[in-house]
Every structure is written in structure tokens, then in C-alpha cells.
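Since we're looking at a predicted model, the values are computed, not measured. The residues of the chain are indexed from 1 along the displayed sequence. Values below: all heavy atoms of this structure, side chains included; hydrogens, waters and symmetry mates excluded.
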Amino acid sequence: MPEPVTRTLDVPGATLTYDVRGDLANRPVLLIIGSPMAASGFPTLASHFEDRTVVTYDPRGVERSVRSGELTELSPEDHAADLAALIEHLDVGPVDIFASSGGAVNALALTAKRPDLINTLVAHEPPLAGIVPDSDAALAAIADMYETYQRDGLGRGMAKFIALVGYDGEIPADYTQQPAPDPAMFGLPTEDDGGRTDALLGQNLRGCTSYQPDFAALDKAKDRIVIGIGEESANQLAARGGKAVAERLGLTPVVFPGNHGGFLGNEYGMPGKPDEFAATLREVLTSRS
């Protein structure tokens, strides 16, 4: 795989940093995105597509993509505008997109607004808590998580995040009344460092999970959309968000090997099943080329 070439793009309120592996003349380009996961989460997956030109990027406010001004909360529409600007800047025509987690939510927002920029979107486990059957309880748990972060800091907020995303099945109505998880169980700090600018909990959590997709627009572009869910995470919140999207659009989700991070190598010390995951992604993209 060619070494990535790093470039930047100025957009309103931020400078986006992105990496290009390969020649942009090799089309369609494969754009791999997450949120708030940055390009640093995707080297293993990118390495399985040596025959493709692969572009990854850091969403605004994450790692190398620096925001200007006040660090307010972000919406999927904000990220969709960035993605549209990036694709147009690449000047390579419509792209294939693999989008993970919050990146999948942002890519659905992009598809609703600019389907002309996309050949195929593979949206893997968009955590759309606002459209699952237990949305009231799920959104209440997310609100409690955000409030905990604002009150008590990163460790206690992130502990609640980890517990919620790993919860198997629908979120019970009394979920927020249950004992809070101990941050130390997850190797998280128990003391508050005073920071409130975390890209996940402080900037993207609420806007991403509460997003209501434009299903009327997505329905017109559903021939471009594939919804992916993990075989090991199919009953967890993010996968259930994906199932809810698929049901609304009359699509059948594609089951990918592993869990929510099935594409990961050892980027974060939590490897998934990257070889099998990449093979499934290749099959999906090839079948639609």
C-alpha cells in the first residue's frame, strides 16, 4: 500500500486534515470515515485495498483537524458539509464511502443532501438512538451521560458511554436509575481534570445520536446505500440504529464479521476481525460496481 500523503483543506470554522493513499486518477476513490474516530483508526482497513485509492480524514475537532472559534456542539449536517467540501476538493467524481459509527450518521446526512457525490455508501452501525423502538430510554441514557460528563468529567462520563454502547438489547426505562459504572473498571480516570472539550462526549454525542435522518431524501437514493451491522454486536444500540434505518428504507442489512469495531487491527489494542471484515466490504463494493 502506498504511504499516505497528508493534505489540508480549509472550511468554514476548521482546517480539515486528510490522507491520500494512491493515485487520485484511480477511480472510484474509496473514502473511509468515522466520527469521532479519525484517520488513525483506519490504517488496517485501508491496507486491504491496495488496488484502490483510499482517502481518510480527521473530522473537524478531532486530532489534526483543528476548529477555530468556540468549541460548540456539532451536528451531522456540519460534518456532511465538510464531507461534501472534501469530495468536491478531491475533484474525482462520485466516491465509494465506508462509514463507521458516527461517520455513518454523517454520511447518511451527506447522502440525503448530495447523493450526486456518492456511488455506494456502506453505513456500518450508525448509532441513531432517536429512531430505535426504545428511543425515549436510549436518549435519556445519553442525556444522563452528557450531564455526567459536564458535571463530573471525562472518566465518569466515558464509563457510562462504554456501558451503554455495550448494552445488549433494548434500553430499559429505568436504565438511568441503575448504579453508575466505576471508571476504574475501564482504566479511566476517577478524578475530574476540568476539561470539557472531548470530541466525543463534549462535541458530537448529542447531535449524532439524536439525529433524525431525512428518510424521504434517503429513499430516493437508497440504491446507493448499504447498511452494515456487526455479527457480534447486532443487539447493541449502534447496530439497532442501523437496523432501524434499513427497515425504514426497505433494505436488508449486511452482516459484517466482528463487532462495532470489526475493521480494527491493533490501532487501539482492541483488534476486531479485519481480514474477514475487509473481505466482506470488498464483496459489497464489488457487487455494486
Side-chain angles (χ1 to χ4, degrees), residues 34-37 59 73-80 99-109 112 123-152 154-183 185-186 188 198-215 218 225 227-249 251 253 255-256 258-262:
S35 182
M37 183 176 283
E73 290 185 83
L74 296 167
S75 71
E77 286 92 348
D78 295 327
H79 291 295
S100 165
S101 193
V105 177
N106 300 339
L108 288 168
H124 185 255
E125 298 204 347
L128 289 163
I131 65 169
V132 295
D134 50 319
S135 61
D136 288 348
L139 290 173
I142 290 163
D144 175 67
M145 184 193 312
Y146 180 81
E147 291 164 5
T148 298
Y149 169 65
Q150 293 294 340
R151 183 184 63 245
D152 300 327
L154 179 66
R156 298 191 183 282
M158 189 61 73
K160 287 189 173 182
F161 173 81
I162 294 170
L164 181 65
V165 298
Y167 191 89
D168 197 61
E170 294 194 2
I171 309 303
D174 65 349
Y175 182 85
T176 59
Q177 305 306 311
Q178 299 175 12
D182 181 359
M185 292 171 50
F186 307 107
L188 294 166
D198 182 71
L200 171 59
L201 298 179
Q203 298 181 48
N204 287 284
L205 176 68
R206 295 198 299 182
C208 173
T209 54
S210 66
Y211 178 67
Q212 292 289 325
D214 183 346
F215 283 109
L218 291 175
I225 300 171
I227 301 297
I229 60 173
E231 64 178 345
E232 297 173 9
S233 50
N235 291 319
Q236 295 172 1
L237 181 58
R240 294 193 298 111
K243 289 178 182 178
V245 173
E247 183 177 0
R248 291 285 294 270
L249 296 177
L251 302 174
V255 178
F256 279 75
N259 55 23
H260 188 63

At what distance, to the nearest 0.5 angstrom, does CG of L218 lie from CG of L249?
5.5 Å

Ignoring hydrogens, what is the shortest heavy-atom contact between E125 and A239? Give both atom names and the distance.
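Where E125 meets A239 most closely, the heavy atoms are OE2-CB, 3.3 Å.
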
When you measure from the side chain of Y149 to the backbone of D198, do you find a donor-acceptor pair of N or O atoms at a distance under 3.5 Å?
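Indeed, once roles are kept as given, a pair shorter than 3.5 Å links the two residues.
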
Kindly indicate, with the supporting measurements, whether the criterion side chain to side chain contact (heavy atoms under 4.5 Å, CB included) is fulfilled by D144 and K160.
CA-CA 9 Å; D144 175 67; K160 287 189 173 182; 2.8 Å; yes

Within the structure provided, determine whether R248 and P213 are in side-chain contact (heavy-atom separation under 4.5 Å).
no

To the nearest 0.5 Å, how far apart are CD in Q150 and CE in M145?
13.0 Å

To the nearest 0.5 angstrom, please state how far the CG atom of L200 sits from the CZ atom of F161.
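The CG atom of L200 sits 4.5 Å away from the CZ atom of F161.
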
I131 backbone acceptor or donor facing S135 side chain under 3.5 Å
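Flag not set: sc S135 to bb I131 has no pair under 3.5 Å.
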
Take V105 and H79, measure what side chain to side chain contact (heavy atoms under 4.5 Å, CB included) needs, and give me the verdict at the end.
CA-CA 9 Å; V105 177; H79 291 295; over 6 Å; no

Could you pull out the closest heavy-atom pair between V132 and A138, with the gap in Å?
CG2-CB, 4.5 Å

D174 side-chain N/O to Q177 backbone N/O, donor-acceptor pair under 3.5 Å
no

I want to check something: taking the side chain as every heavy atom from C-beta on, are L188 and I162 in contact at a cut-off of under 4.5 Å?
yes

Any donor-acceptor pair under 3.5 Å from N259 side chain to G230 backbone:
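Pair absent, no side-chain N/O of N259 close to backbone of G230.
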
Sidechain-backbone polar pair: E170 side chain, P133 backbone, donor-acceptor under 3.5 Å
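No; judged by distance alone, with no hydrogens or angles, the pair does not exist.
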
Test side chain to side chain contact (heavy atoms under 4.5 Å, CB included) applied to A173 - qualifying residues, sequence neighbours left out
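Expected list: none.
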
With a 6.0 Å cut-off (strictly less than), is the heavy-atom count around CD of E73, excluding the residue itself, greater than 12?
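Yes, enclosed.
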
Nearest heavy atoms of P127 and C208, plus distance in Å:
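Smallest heavy-atom distance, with atoms named: CG-SG, 3.9 Å.
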
Set of residues satisfying ring pair (Phe, Tyr, Trp, His ring centres under 6.0 Å) with respect to F186, sequence neighbours excluded
none

Rounded to the nearest 0.5 Å, what separates atom OG in S233 from atom CG in D168?
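Spacing of OG (S233) from CG (D168) equals 9.5 Å.
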
Counting C-beta onward and ignoring hydrogens, is there a side-chain heavy-atom pair between P59 and P36 closer than 4.5 Å?
no

Does the side chain of L237 come within less than 4.5 Å of H260's, by heavy atoms?
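When only atoms from C-beta onward are counted, L237 and H260 do not touch, as no gap falls below 4.5 Å.
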
Would you say that T209 contacts L128 through its side chain, given a criterion of any heavy-atom pair below 4.5 Å between the two side chains?
no

Euclidean distance, D134 CG relative to L139 CG, rounded to 0.5 Å:
9.0 Å

Drop me the distance from L108's CG to I227's CD1, to the nearest 0.5 angstrom.
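One finds 5.5 Å between CG of L108 and CD1 of I227.
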
